[in-house]
Amino acid sequence: MSSKPIPPPPPPHLSISTYLRRHRLSHRHLKHLHAQIIRRSLHHDPFLLTDLISASFASGTVRYAARLFRSLPEPDVVLCNSMLKGFTQNHLPQLALSFYVTEFLELGFSPDGFTYPYLLKACAAASDAALGRQVHASVVKADGDAFALNSLVDMYFKCGLAEPALRVFRGIRRPDPATWNVMVSGFLNLGDVKSAMEVFDRMPYRDVVTYNTLMSAHMKNGDLEIARRLFEEMPERNHVSWNALISGLAQNGRNDEALSMFREMLDSGFKPDSTTVLAVVSACCGGTYLPDEDLITRIVSLAESSLNLVSVSTALLNMYAKFGEVEEARRIFDGIPEKDVVAWNAMIGGYAQNQRPADAVELFRLMQRECGDGVKADEQTMVSLVSSCGQLGVLSLGEWVHAFIEKNDIKSDIFLTTALIDMYAKCGDVDRSIELFQSMPVKDLASWNAMITGLAIHGRGGEALKLFSLMEANAIIPNSITFIGLLNACSHGGHTKEGLELFESMKARYGIVPRIEHYGCVVDLLGRARRLDEAHELVKSMPIEPDLVIWGALLGACRSQKNVRLAEEAASRLVELDPTHDGNYVLLSNVYASLGDWERVESVRAAMKANQVRKTPGCSSVNVGGVVYEFKAGDVSHPRAGEIFAAWDGIVERIKPLGYKVDTGVLMKNILEEEEREEAVHRHSEKLALAFALICLEGDESKVPVRIVKNLRICSDCHNAMECVSKVEGREIVVRDRNRFHHFTDGRCSCGGYW
DNA sequence: TTCCCGATGT
């Protein structure tokens with residue numbers, strides 16, 4: 001169903017013909033006009049019908065144009081020429097050629113001066129040199145004009161035949177500018193730059209097109225200096241010259257130069273078109289930040305005024321999304337009247353890349369509702385959607401999307417399959433990832449990386465290392481992402497020795513400069529292996545300024561090993577680096593509390609107040625019966641809060657016999673009374689999610705796992721409790737926390753204490 | 001209504 005309004009009729013001061021020629025009209029609008037033509041009994045007017053057919057071809061509705069043609073009792077040569085043009089214009093040169101053979105000639109028409117250029121263009125586009133030669137004979141017989149001869153030269157070049165092209169050229173008595181230009185671009189298209197330059201040198205006059213052709217050829221070859229020189233020395237320039245310069249610079253990564261040439265173009269009074277805007281936006285995207293407000297305003301006003309094209313808007317939308325301005329991207333998206341699949345993909349992908357997976361999924365649903373048959377989701381849509389499912393960690397949603405892909409015959413190419421591997425791993429079903437990985441006929445680096453990272457977050461370090469050996473055996477060169485996965489796999493799997501060796505070989509053998517993420521992994525690795533001094537040395541000797549993650553890893557290690565001095569340093573650095581984050585204060589306070597230094601505990605509390613610390617509330621979601629429920633820590637506002645709290649208390653009673661004892665050590669000591677602290681621990685979001693799921697699943701014999709996703713790391717008390725519950729309930733519990741997966745089965749967790 | 005130059009957005 002379409003809610004688009006009926007388009008307005010042409011204003012009275014214009015004839016329908018003029019209106020058709022002046023505007024680019026949608027198919028819907030054309031049908032409306034056609035109806036008017038019939039109502040006014042004008043549908044036998046051949047001139048009007050020719051205009052209507054041309055407009056239909058321009059709007060891409062080829063079948064409609066063909067139907068209109070057949071509705072005319074007496075087509076003429078002009079109309080047939082338009083048909084030839086229209087088919088080729090719509091990238092259907094074979095249809096143009098078969099139209100020529102089976103209709104044009106059959107109807108008894110002879111080609112006129114306009115027929116040859118269209119026809120030869122179709123031959124060139126279809127690479128049909130055989131038919132081209134026949135047309136050549138016909139051109140000779142009919143003593144064709146300059147247009148026909150130039151088109152012949154062009155056709156032979158585009159069919160890859162330089163010799164016949166040269167023969168035709170030599171027979172041309174007075175080559176015109178177009179002739180020379182066809183020669184230059186002909187040789188360039190064959191990759192013969194030398195011959196092209198020879199022609200250029202022999203030319204009696206060079207027009208702006210000649211310069212443009214050569215300039216963009218040099219741009220493509222990366223010969224920017226030559227291209228620049230040609231631009232400087234050309235006697236006159238048109239907007240194509242500027243476009244070739246700007247887009248050439250942008251494609252060669254010279255984004256700032258591209259932007260400054262754009263400014264010069266505007267100052268010189270040239271009117272940018274959609275190509276200009278696309279090149280400029282591409283230059284902006286290549287940069288590290290959005291250009292200044294003034295330039296953006298100019299680009300946006302250009303894009304919004306005369307060039308209201310979906311391609312331009314999409315490029316602009318994409319630029320905002322790339323720099324994290326998702327709301328602005330959405331504003332542009334909402335303003336696109338006829339969104340195509342690329343526009344939808346850009347916006348859905350924008351949400352996915354900006355960690356807004358729920359919005360991505362919602363927009364996809366809107367796409368399904370609004371688009372009917374007009375716009376169909378494709379591979380690109382699915383990559384973003386699958387990635388969003390991974391971010392959400394909702395297995396059932398991911399499975400639904402996978403089924404959607406198969407039901408709609410969307411091709412699972414290497415990118416999409418890799419996205420599925422990543423999604424299944426992030427949704428807790430890494431075995432499914434392995435199946436997909438093994439089924440891939442061709443794997444690229446990203447596929448290997450996804451699989452290694454997937455194994456890593458599930459603590460299956462040994463398998464990740466084996467996979468890496470296989471990867472090396474297959475001569476796939478790892479990159480820095482591979483090593484983040486591997487180092488993570490080692491630290492989550494307790495493979496200290498292998499991890500340190502990998503870190504060395506990454507630098508020595510593969511020449512990869514470690515990024516801060518790599519250092520983080522190694523600090524973590526050493527910390528878990530109780531090699532605190534080495535970890536500290538590494539932090540001090542790193543060539544990069546340590547960040548929150550590094551100090552956090554070190555602090556984590558100090559806590560478990562009661563190294564108070566180092567812990568104090570790490571925790572104070574954490575507070576320095578992010579004074580608005582509550583967790584850092586809690587950690588620092590706990591260090592002082594463990595020393596019995598209540599004075600400092602008090603000062604941390606004061607600092608916390610003074611800095612207006614933001615709390616990141618713990619938040620967990622759980623999927624029951626295909627619906628995702630969200631829980632915030634201590635959330636009393638939940639409609640079933642009382643029931644859920646009571647259920648948890650019941651669970652506690654049942655797991656006490658297994659040795660569960662509430663552990664409040666995770667909370668800020670000396671700030672809350674012991675009773676309050678217990679209360680707070682019992683209301684952690686993952687516990688509420690679990691209790692809720694168990695209420696819903698009461699009496700369920702299928703024993704499907706409970707799958708919980710948490711935004712922060714799971715605390716040690718919740719971890720203990722989950723182990724016990726998995727035993728008394730005889731049900732697997734899968735928790736994805738900020739770092740990794742925990743599979744709780746029969747009283748044990750798959751992480752084996754490494755988390 | 002005709003030939004030659006720039007680019008096609010995720």
Side-chain angles (χ1 to χ4, degrees), chain A residues 21 47 50-51 53-54 57 76-86 88-89 91 111-121 124 144-155 157-158 175-186 188-189 206-217 219-220 234 237-248 250-251 272-282 285 303 307 309-319 321-322 329 333 336 340-350 352-353 378-381 383-384 415:
Chain A
R21 270 182 247 155
F47 297 103
T50 302
D51 285 332
I53 286 173
S54 297
F57 274 123
D76 62 1
V77 179
V78 175
L79 182 53
C80 288
N81 288 343
S82 301
M83 295 301 289
L84 290 173
K85 178 189 180 189
T88 307
Q89 204 180 16
H91 312 288
D112 68 3
F114 290 94
T115 313
Y116 288 120
Y118 291 135
L119 188 55
L120 288 165
K121 203 176 196 170
D145 65 6
F147 282 108
L149 292 172
N150 290 344
S151 300
L152 269 175
V153 176
D154 187 55
M155 181 274 296
F157 267 120
K158 286 197 173 130
D176 64 10
T179 320
W180 290 106
N181 289 327
V182 167
M183 292 298 292
V184 171
S185 57
L188 287 174
N189 285 334
R206 299 155 181 170
D207 69 5
V208 60
V209 177
T210 324
Y211 274 101
N212 290 347
T213 311
L214 274 171
M215 183 176 77
S216 68
M219 281 289 190
K220 273 197 196 103
M234 52 202 290
R237 297 173 189 142
N238 61 16
H239 71 285
V240 175
S241 323
W242 286 97
N243 287 350
L245 177 73
I246 295 169
S247 62
Q251 277 167 9
D273 63 7
S274 64
T275 302
T276 326
V277 179
L278 285 174
V280 171
V281 172
S282 144
C285 282
L307 327 160
L309 281 176
V310 60
S311 57
V312 172
S313 303
T314 305
L316 209 57
L317 177 175
N318 183 50
M319 177 185 79
K322 198 208 149 203
F333 176 77
I336 301 176
D340 61 12
V341 66
V342 183
W344 284 97
N345 288 349
M347 194 63 237
I348 294 173
Q353 274 150 33
D378 65 7
E379 293 84 357
Q380 194 80 35
T381 327
V383 168
S384 299
F415 300 104

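So that the names make sense, note that chain A is the first sequence line, chain B the second, and so on, each numbered from 1. It should be emphasised that the depicted structure is a prediction, and the values quoted were computed from it without experimental measurement.
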**OP:** Could you pull out all residues at least two apart from A/Phe57 that satisfy ring-ring contact (aromatic ring centres under 6.0 Å, His included)?
**Re:** A/Phe87
Original post:
At under 4.0 Å between heavy atoms, what does A/Asn81 touch on the DNA or RNA strands: base, sugar-phosphate, or nothing?
Top reply: base
**OP:** Taking all non-hydrogen atoms of both residues into account, name the closest pair between A/Gly113 and A/Pro117 and its distance.
**Re:** O-CD, 3.1 Å
Subject >> For chain A, the stretch of DNA chain B it reaches, first to last nucleotide, under 4.0 Å of its heavy atoms >> reply: B/dT1 to B/dT10
**OP:** Name the nucleic acid region contacted by A/Asp340, choosing base, sugar-phosphate or nothing; use a 4.0 angstrom heavy-atom cut-off, strictly under.
**Re:** base
Original post:
Could you walk me through whether A/Leu149 and A/Thr179 pass the side-chain contact (heavy atoms from CB on, under 4.5 Å) check?
Top reply: CA-CA 8 Å; A/Leu149 292 172; A/Thr179 320; over 6 Å; no
Original post:
Counting any heavy atom closer than 4.0 Å, what does A/Gly113 reach on the DNA or RNA strands: base, sugar-phosphate only, or nothing?
Top reply: base
**OP:** Please work out if A/Ser311 contacts a base, only the sugar-phosphate, or nothing of the nucleic acid, heavy-atom cut-off 4.0 Å.
**Re:** base
**OP:** For A/Asp51 and A/Ser54, run side chain to side chain donor-acceptor pair (under 3.5 Å): C-alpha distance rounded to whole Å, both residues' side-chain angles, the deciding distance at 0.1 Å, then the answer.
**Re:** CA-CA 5 Å; A/Asp51 285 332; A/Ser54 297; 5.4 Å; no
Subject >> Sugar-phosphate, base or nothing in reach of A/Val182, heavy atoms under 4.0 Å >> reply: sugar-phosphate
Original post:
What distance do A/Asn345 atom CG and A/Asp340 atom CG have between them, rounded to the nearest 0.5 Å?
Top reply: 8.5 Å
Original post:
Nearest nucleotide by nearest heavy atom, which residue falls closer to the 5' end of DNA chain B, A/His91 or A/Thr210?
Top reply: A/Thr210
Subject >> Residues in ring-ring contact (aromatic ring centres under 6.0 Å, His included) contact with A/Tyr116, at least two apart in sequence or another chain >> reply: none
